[in-house]
Amino acid sequence: MTSEPVILVGTHAGVRTLTLNRPDKLNAANDALLLTLTDELRAAEGEPGVRVVVITGAGRGFCAGQDLADVSGRDMTFTEHLNHTYNPLIRTLRGLGKPVITAVNGVAAGAGASLALAGDIRLWTQSARLIEVFSNIALVPDSGSTWFLPRLVGYHRAFELMALAERVDAEQGRALGLCEHVYPDETFREDVQAYAERLAARPAHALKLTKQALNAALTGTLGEALDREAELQQLAGDHWEHEEGVTAFKVKRVPQFMREPSASGDQPSARER
Ligand code: T3D
């Protein structure tokens with residue numbers, strides 16, 4: 001008997017979709033799921049034809065956090081486990097040189113909520129729910145929730161959501177800035193794919209540098225951000241994408257940032273200084 005893969009992998013029009021696939025448990029995370037998801041993100045980084053990554057869930061849940069059936073008898077401490085599984089996942093996602101969309105198709109709880117918040121773009125379906133559920137089992141929010149949530153909603157609201165494990169529905173999630181867009185359940189997959197394809201048509205190298213700059217700026221000073229922008233702007237300005245964007249503007253056409261994988265790497269522009 002062959003067991004179902006814990007992560008389903010599909011690619012269409014430059015969009016790599018990674019689907020958490022333990023629907024009977026609302027995609028609660030076991031080690032296989034966490035390690036495979038991290039490996040798949042790393043693999044996507046190395047494939048020039050993949051321009052955007054989408055993480056979503058199979059069935060009615062996005063991710064219910066740690067699989068609680070998988071904890072007893074574990075031969076790792078909590079600290080070791082987080083450092084082995086969740087932390088590399090979140091670091092890889094945020095450090096990936098490609099945009100990652102978390103497409104929250106249902107409940108996102110515990111570390112699943114952290115994963116949902118970690119996306120560069122967060123798209124929710126109407127029936128999505130986010131719950132910082134950790135305190136229900138007397139644990140501390142992890143996998144980045146203590147970093148993401150207060151930056152989005154402020155310290156006090158973050159503490160309340162964590163202390164009371166309150167459910168945030170899609171309407172509240174949008175109002176609080178936990179997601180960029182909410183789509184109807186019926187058309188969610190198509191809406192996510194269409195959004196991802198829009199992103200895939202944008203200049204990949206410039207977005208990689210933008211992601212790098214924004215992530216670094218979140219923890220630095222204005223002076224550091226200005227210095228970094230000046231350095232990264234040189235890399236962007238020397239790249240063929242910039243030339244294409246400027247040429248397209250001048251001749252009044254739509255810029256073509258998607259080239260064949262062999263030609264869309266990080267190669268310098270023809271007018272390299
Ligand atoms: O270990 C470490 O290294 C520390 C790391 C911790 C990270 C964490 O994520 S801690 C938080 C762990 N997650 C939870 O505590 C969430 C537990 N689940 C729930 O509170 C609820 O299931 C939900 C609020 C997420 C959804 O509720 P509902 O009513 O929509 O669904 P349900 O009926 O509770 O769940 C459906 C099934 O999924 C059910 O199985 P059954 O009865 O149909 O066979 C349920 O047991 C299963 N399920 C849901 N969440 C988990 C789970 N099974 C294992 N682990 C889960 N986390």
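Using modelled atom types, one side-chain atom of S135 and one backbone atom of M162 make a donor-acceptor pair closer than 3.5 Å. Judged purely by atom type and a 3.5 angstrom limit, N30 has no side-chain atom pairing as donor or acceptor with the backbone of D67. In terms of modelled atom types and a separation under 3.5 Å, the side chain of R94 and the main chain of A118 share a donor-acceptor contact.
Under the 4.5 Å side-chain criterion, counting only non-hydrogen atoms from C-beta, R198 is not in contact with R202.
One side chain, T56 or R189, offers a donor N or O that lies under 3.5 Å from an acceptor on the other. In summary, the side chains of R16 and T11 do present a donor paired with an acceptor at a separation below 3.5 Å, with no hydrogens or angles considered.
The two residues T102 and L115 have their closest heavy-atom pair at CG2-O, 3.3 Å. Between S145 and P150, the closest heavy-atom pair is O-CD, 3.6 Å.
Under 4.0 Å is where a charged nitrogen must lie from a carboxylate oxygen, and between D31 and R74 no such pair does.
Under the side chain to side chain contact (heavy atoms under 4.5 Å, CB included) criterion, A128 pairs with V104, W124, T125, not counting sequence neighbours. Partners of R253 under the salt bridge (Lys or Arg N to Asp or Glu O under 4.0 Å) rule, at least two apart in sequence or in another chain, are E244. Taking the side chain to side chain contact (heavy atoms under 4.5 Å, CB included) definition, one finds that L214 meets it with T210, sequence neighbours left out. With sequence neighbours excluded, no residue forms a salt bridge (Lys or Arg N to Asp or Glu O under 4.0 Å) with E45.
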Q: Could you please spell out the steps behind the side chain to side chain contact (heavy atoms under 4.5 Å, CB included) verdict for L152 and L176?
A: CA-CA 7 Å; L152 293 163; L176 286 170; over 6 Å; no
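The side-chain hydrogen bond (donor to acceptor under 3.5 Å, both in side chains) contacts involving residues 147-165 comprise R157-E160, R157-E166, where partners must be two or more places apart or lie in separate chains.
Hydrophobic side-chain contacts under 4.5 Å tie L199 into a cluster, directly or through other members, with V15, V52, V54, I101, I121, L123, Y183, F188, V192, Y195, L207.
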